Amino acid sequence: MKEATPQTIYLKDYTPFGWQVDSVHLTFKLAPEATRVTSRIRFTPDPAAPAQDFFLHGEELTLIRAAVDGVAVTPEVTPEGLRCAVPNGPFLWEAEVEIAPASNTALEGLYMSNGMYCTQCEAEGFRKITYYPDRPDVMSVFTVRIEGAEPVKLSNGNPGASGDGFAEWHDPWPKPAYLFALVAGDLVNHPDSFTTMSGRQVELNIWVRPGDEGKCAWGMESLKKSMTWDEEVYGREYDLDIFNIVAVDDFNMGAMENKGLNVFNSSAVLASPETSTDANFERIEAIIAHEYFHNWTGNRITCRDWFQLCLKEGLTVFRDSQFTSDMRSAEVKRISDVIDLRARQFPEDQGPLSHPVRPESFQEINNFYTATVYEKGAEVIGMLKRLVGDEAYAKALDLYFARHDGQACTIEDWLRVFEDTTGRDLSQFKRWYSQSGTPHLKVAESYADGSYTLTFTQHTPPTPGQSDKAPQVLPIAVGLLNPNGDEVVPTTVLEMTEAEQSFTFEGLAAKPVPSILRGFSAPVVLDRSSSPEERAFLLAHDTDAFNRWEANRDLAREGLVAMITEGAAPDEAWLDGLQKVIADEALDPAFRALMMGGPSQSELAQVLHGRGITPDPEAIWTASETLRDAKARRWAGLLPRLADEAAVTAPFSPDAEQAGKRALGGAVLSLQTRIDGGAAAEAQFKAADNMTLQLTALSCLVSAGRDEAALGVFERQWSGDRLVMDKWFALQIAATTPDKAVERAEALTRHPAFDMKNPNRFRATLGGLAMHHAGFHRRDGAGYRLLADWLIRLDAVNPQTTARMCTVFQTWKRYDPDRQALIRAELERIAARPGLSRDVTEMVTRMLS
Ligand code: 0A1
Ligand code: ZN
């Protein structure tokens, strides 16, 4: 295991590697406890690089032998790698190492999952496979030979010779080591093919464990849609003869874009109507697209160093969002993305873990696969596109691909293609990459003689290491409505560059109602205390779906804040206005389902904290429940009609239309349960023929306290399906009352099917607890204690997943002194553990500082 070493790496210290790698030949002789890896690597000195020792990364490797130009050498070996004297000119490096994949529970490098060999090399996992310059700017052509009894043996690129006990692969595209992959095991494939726009035939396969063949069709369909979309929208064609996807049960993240051999967490690829919810189907479609799109944005053009991670991730998330918008509803996708951004990225950017989209230092790069790098990184691309326009964006992307194909690039390279395409100076825009924190935007308005002025001020609160913030470029999309509700100024993008700036609209017959930040055109907090009447007006009339939803969310939030802080009753006038929207059959059911939900309890805590009020999780829970009860009562007459409208009679399809109906049906059922105590939910649970209906019903039964029998039925039905059982673990914690959440999570850790080594199961159980706001933040600290106990245990097994889960404590300073003291004690207990990993040490230290 990587020990804690307080070594900080800085962007400013970047130096190129001293050699080019002309070719890499690897031979794997597979054995669970003693795999032998032989490497033959040709190096040529790079005259442009500064003089340096020959150093290769390597961790947890047993060096058997090494040679330079065929002559045995004895390098100086350290826990981080080796140093060796080498000739001045080109030379051949050979090494043989031994590794133990079966003991590798960290799931980095070569490891085993259910008897299958697989690899995860991003970010720095290749150094656990063999000695190598394990950095993304070192790119080379790889040839791989795998020897072993496993019937299926895969690596990157195109297949070469294969025979009894061996298979060879050759990847003609130079790549960094983090994109290397190997898979071997008893696998079956779901085959298909694709003809590219230039007429090349590509063989497609999804490889799974025997028994999972029936869950591949959706993934395959998603892959083919992604390949077509990237050709049509970005002009990008696939570049190998074969594209393989493998499903793996034990995986730290969602999936990985290894060249020609994508490895997926089985939860991100396997789907069937009986076992997967609509949300699962949509997530799979998006992740397949994301990994496929990396083939150009990440693989053909990669990152110079890990500080540039957003270069590939921000852009690829942006591309997968565009894809989902095209496949489904663009409005619903935008609202869902903003919900996610506010739930995960805003707390990160407003707390002790805040960092720029392009960080300037790190101790453990695995800790920077964050919502800021990914989701805020994608928002930055969206703003750039909005500022330069669609046409210039398309031209800039063409130039990016033409200019940088085959290179390892930086954010400077990325911005330069936009500057060269448009003639714009993007130096101020670049602050989005270097300045951390969420800007707050305030608005004042004035109207006189037909002239309407909006004055904006922007301010970004200090974040760790950055006290003074400079103004950022904000694209603010605005529309104006007249008092009748007609749009008099359609969406216009105002470009704000100053700390304070005014924009005037002339020729208006009356003072208009502004619809500001349409489509959430910049990732900011809009501090605007408009009247409830104005919000209700926008809820009724705004032509921008996002701002219609936003007006409602603002009303919901303000109503809840009044309930929590003043003991106010639910706002019946608002509920009546909202009822009209929800009842409107002309509107997309998925949109209406989103309108029926409210801000999360964690978001309410953040809002209260932002207003200087200490959030009380129990009071927030009670207010949220009271509001749901009020909705159920107030809308009781409408619910049966909505349930009818949401019923699907056609054969199951995961498409947006059916999924939207089921989302509406789910929102209706959860309110109905408050009226009938679970009778409708019980009927739906019994009749359900797909997982969305079954799980929604089960969740309602758990929340109604009528769950004992149903949980047992569900468990017996699905005990053989790991992915469905993950849902069973998570749901019974999520849907219960705050007083029961900790006990349930604790009991589930003693369930025979609980397996801490499986990240999905660990996240379902302990992550499930952390997601239960009032349950986790129980006054006596039992939630904090249970989680910390398990994080300490998991760190010895899988530091990467432990460090990610530690982030649930990042909001600790929002709460009252007693809760803060309890959380601090747990963080300090974790920090004091001897042998704590570098990953967790960095996270806990940042949260405590
Ligand atoms: N590049 C992958 C995500 C990923 C990152 C790191 C991993 O291990 C540390 C694994 C996967 C993606 O963006 O999909
Ligand atoms: Zn990615």
Side-chain angles (χ1 to χ4, degrees), residues 2 59 104-111 113 118-129 134 136 156 175-181 183 219 222-223 226 230 245-259 261-269 283-303 306 308-324 344 357 362-378 381 759-760 763 798-805 807 837-840 842-843:
K2 277 177 286 188
E59 283 175 14
N104 180 357
T105 55
L107 315 182
E108 273 179 341
L110 179 67
Y111 66 95
S113 171
C118 58
T119 54
Q120 173 52 42
C121 293
E122 188 176 8
E124 297 180 335
F126 192 75
R127 62 190 63 183
K128 294 169 113 188
I129 292 176
D134 187 6
N156 315 88
K175 66 168 176 290
Y178 83 86
L179 292 173
F180 169 81
V183 170
S222 303
L223 175 60
S226 307
D230 214 15
I245 286 178
V246 182
V248 176
D249 283 342
D250 301 291
F251 199 76
N252 280 331
M253 310 276 273
M256 179 63 210
E257 70 263 23
N258 315 298
K259 184 81 189 185
L261 177 53
N262 286 190
V263 175
F264 274 64
N265 186 321
S266 47
S267 73
V269 58
R283 174 170 179 260
I284 288 167
E285 184 181 75
I287 298 185
I288 297 249
H290 180 96
E291 306 310 329
Y292 176 72
F293 297 159
H294 267 315
N295 191 54
W296 274 94
T297 49
N299 300 3
R300 289 282 286 258
I301 304 178
T302 194
C303 303
W306 290 120
Q308 321 294 330
L309 183 58
C310 62
L311 178 78
K312 73 178 179 85
E313 296 305 346
L315 177 54
T316 306
V317 171
F318 180 70
R319 273 153 49 72
D320 83 54
S321 302
Q322 287 182 299
F323 169 77
T324 301
R344 300 192 303 114
V357 169
F362 63 75
Q363 287 177 3
E364 172 51 66
I365 184 57
N366 285 339
N367 288 336
F368 285 84
Y369 286 79
T370 59
T372 298
V373 170
Y374 275 64
E375 275 74 31
K376 187 175 177 185
I381 311 258
N760 292 358
R763 277 190 286 260
N798 183 337
Q800 203 187 116
T801 290
T802 313
R804 295 201 130 240
M805 289 221 25
T807 60
S837 68
R838 182 167 70 206
D839 311 51
V840 175
E842 182 183 29
M843 291 306 249

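Both backbone and side-chain heavy atoms feed into the values below; hydrogens, waters and symmetry mates do not. What you see is a predicted model; the values in this text were computed from it and never measured. Just follow the structure's listing: the first ligand is 1, and inside any ligand the first atom is 1.
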- [ ] Could you tell me which residues satisfy side-chain contact (heavy atoms from CB on, under 4.5 Å) with Ser266, sequence neighbours excluded, listed by chain and number?
- [x] Ala247, Asp249, Leu270, Leu723
Open item on the list: Arg127: which residues meet the salt bridge (charged side-chain N to carboxylate O under 4.0 Å, His left out) condition with it, sequence neighbours left out?
Closed with: Glu124, Asp134
- [ ] Rounded to the nearest 0.5 Å, what's the gap from OG on Ser113 to CG on Asn104? Could you check?
- [x] 11.5 Å
- [ ] Return yes if a side-chain donor-acceptor contact under 3.5 Å exists between Asn156 and Asn258, otherwise no.
- [x] no
Task: Rounded to 10 degrees, the angle NE2 of His294 makes with NE2 of His290 at the Zn ion (ligand 2) - done: 100°
Task: Metal proximity, Glu313 vs the Zn ion (ligand 2), N/O/S cut-off 2.8 Å - done: yes
Open item on the list: With heavy-atom distances below 4.5 Å as the criterion, would you say the side chains of Ser226 and Phe323 are in contact?
Closed with: yes
Open item on the list: I'd like to check the side-chain hydrogen bond (donor to acceptor under 3.5 Å, both in side chains) partners of Glu291; sequence neighbours left out, ordered by chain and number.
Closed with: none
Task: Lys312 versus Thr316, closest heavy-atom pair with distance - done: O-OG1, 2.5 Å
TODO: With a 4.0 angstrom cut-off on heavy atoms, strictly below it, pick out the residues next to ligand 1 and order them by chain and number.
DONE: Gln120, Glu122, Met253, Ala255, Met256, Glu257, His290, Glu291, His294, Lys312, Glu313, Asn366, Tyr369, Tyr374, Gln800
